[in-house]
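Here is the structure we will look at, set down as structure tokens.
Here is how names work: the chains are called A, B, and so on, in the same order as the sequence lines, proteins then strands, and each is numbered from 1. The model shown is predicted, which means the values in this text are computed figures rather than measured ones.
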There are 2 protein chains.
Amino acid sequence: MADDSLLDIGPTSVGPTADRLYAAIVDQIIDGGLRPGDALNEVALAERFGVSRTPVREAVQRLAMAGLAERGARRSFRVRRLPPAELGDLLEALCEIEAVCARLGAARMSEVERQELEACVREGAEAAAAGDGEAYARLNARFHQLVFDSARNDHLKEVAGQLRVRAAPYREAQFRQTDRLASSQAEHEGILAAVLAKDPDAAQAAMMLHVASSSLNIRRMLDPSAPKR
Amino acid sequence: MADDSLLDIGPTSVGPTADRLYAAIVDQIIDGGLRPGDALNEVALAERFGVSRTPVREAVQRLAMAGLAERGARRSFRVRRLPPAELGDLLEALCEIEAVCARLGAARMSEVERQELEACVREGAEAAAAGDGEAYARLNARFHQLVFDSARNDHLKEVAGQLRVRAAPYREAQFRQTDRLASSQAEHEGILAAVLAKDPDAAQAAMMLHVASSSLNIRRMLDPSAPKR
DNA sequence: AAGATGGTATATGTATGCATATGGTGCATT
DNA sequence: AATGCACCATATGCATACATATACCATCTT
């Protein structure tokens, strides 16, 4: 990672360069390689990935449409920075939409899906007990993805995924706090219980509680004065 | 509109060409100038707007990200066509999200906003009574926009707007049926009543009913066998 | 010395040209 | 006549080159 070789943008001969660039940059944003405010310099990215500016531009345009990039000085693009108020909006929107997914999912999930979710929560319990934040973060992402899928609505899943990616840079460090691991896990178990009981309204309420709690935690970490909205 | 002159893409010297192209194409999709399945040929669009392919490509890429374009044969793009199942997903998602906006809006609207919404509904009553479908369509769009704004959440407003544009090509002809005018207006009045009563839950329920009713109507128009899901 | 103004450097915006992939068409063969 | 293969046409994918706008910096003026 410390050498100056070309970055991996996935299998060399799969799909248009712009598509792979977009995916690569999104990954960098999610895993913290690119942080909010970082410049998305066209020539730098082009050299970095060993391509011309044209596909880079297209990828960046798409990032902007996805709400992951914003215009900076000199018409440049940079990774979108969310002021506290906007982050609050985002987390609230996510809260509402994920809750809707949970409600629909509770009514529509197949038996297999229910078991998958149960297994995911069980593994989460182990990770939480072991205090393994990294493993828990992965299982948390998987848990929410399973809920999105269970809603059986591609458009809803798409917007939920978009909002979740936007929040990713701010959610990152959340599971360093081991106490958040435990409370998050408890909330997951509450959602699971509602899903297994096939109680849509309870699932919606539990999910809203979970995402709201997560949001509050994120905002606390970013601002010690802890606005409660 | 029948000559072969260059199409108007807005003020000649405002912002990058790609931005204006994007807006122009979106408008065309909304007003029916471009219909689902229509090819988004790069050279044709470039000649049509009097620019090179580069900004056209960027605009089309953005359309794809917005869910308004899809890939067709030969890697080309065309205006996205929604199969019945996907249209159902879209309308359901819209229903849920607009209902959330209505709930939040009912709790957050200012007195001025309440009056604006009331005025909008009043004008809608006149248009509906006069059987003026075109005027009613405009007022309907305005009504929903006011509700989005009232939720005071930019991210929610953004996704709601995105989904609404995706559905636009299919909603278009809805207000040719004068009976739909009347029922839609009645539903608007129900939502307004809940908002004026500052009853968020009632507003959410009323909005969900309204969008669901609209969705059913759209699906009936597109498929006489009227799947009820 | 401080501020304003003009120049310059750098990065984006657009156009053009070449490479390539894909789908269609026509011919040949079975 | 139907099917398979090869060729070709066309539109997209990418790269390069030129145009332009903006921010920074230096210099000049007050």
Salt bridge (Lys or Arg N to Asp or Glu O under 4.0 Å) involving [X] - partner list, sequence neighbours excluded:
| X | answer |
| --- | --- |
| B:Arg142 | none |
| A:Glu134 | none |
| A:Glu113 | A:Arg152 |
| B:Arg80 | B:Glu86 |

- Task: Give a yes/no answer on whether the side chain of A:Ser76 brings an N or O atom under 4.0 Å of OP1 or OP2 in C:dT12.
- Result: no
- Message: Can you list everything that forms a ring-ring contact (aromatic ring centres under 6.0 Å, His included) with A:Phe148? Sequence neighbours excluded, please.
- Response: none
- A:Tyr22: partners by ring-ring contact (aromatic ring centres under 6.0 Å, His included), with sequence neighbours left out: none
Polar atom pairs (N or O), protein with nucleotides 16-22 of chain C, under 3.5 Å:
from	atom 1	to	atom 2	distance (Å)
C:dT16	O4	B:Thr54	OG1	3.3

Mind calculating the distance between [atom1] ([X]) and [atom2] ([N]) to the nearest angstrom?
| X | N | atom1 | atom2 | result |
| --- | --- | --- | --- | --- |
| A:Leu45 | C:dA11 | CG | P | 12 Å |
| A:Phe77 | D:dT22 | CZ | P | 15 Å |
| B:Arg78 | D:dA11 | CZ | C1' | 15 Å |
| A:Glu47 | C:dT12 | CD | C1' | 15 Å |

- Task: If a pair satisfies salt bridge (Lys or Arg N to Asp or Glu O under 4.0 Å) and one of its residues is in residues 22-37 of chain B, list it, with sequence neighbours excluded.
- Result: none
- Under the criterion salt bridge (Lys or Arg N to Asp or Glu O under 4.0 Å), which of B:Arg103, B:Lys157, B:Arg108 is the partner of A:Glu92? B:Arg108
- Message: With side chain to side chain donor-acceptor pair (under 3.5 Å) as the rule and sequence neighbours excluded, what pairs involving residues 65-75 of chain A come up?
- Response: A:Glu70-A:Arg78
- Message: Mind checking if B:Leu40 touches a base, just sugar-phosphate, or nothing, with heavy atoms under 4.0 Å?
- Response: sugar-phosphate
- Axis-to-axis angle for the helix from C:dA1-D:dT30 to C:dT30-D:dA1, ends of five pairs each, to 10°, equals 10°
- B:His188 and B:Tyr136 aromatic ring geometry - parallel, tilted or perpendicular at 30°/60° bounds: parallel
- Task: Check each residue of residues 55-72 of chain A for a non-hydrogen atom within less than 4.0 Å of any atom in DNA chain D, then write out the ones that pass by number, or none.
- Result: A:Pro55
- Item | From C:dT12, D:dT12, C:dT14, nucleotide with atom closest to B:Thr17 side chain | C:dT14
- What residues form a side-chain contact (heavy atoms from CB on, under 4.5 Å) with A:Gln61, not counting sequence neighbours? A:Arg57, B:Glu58, B:Arg62
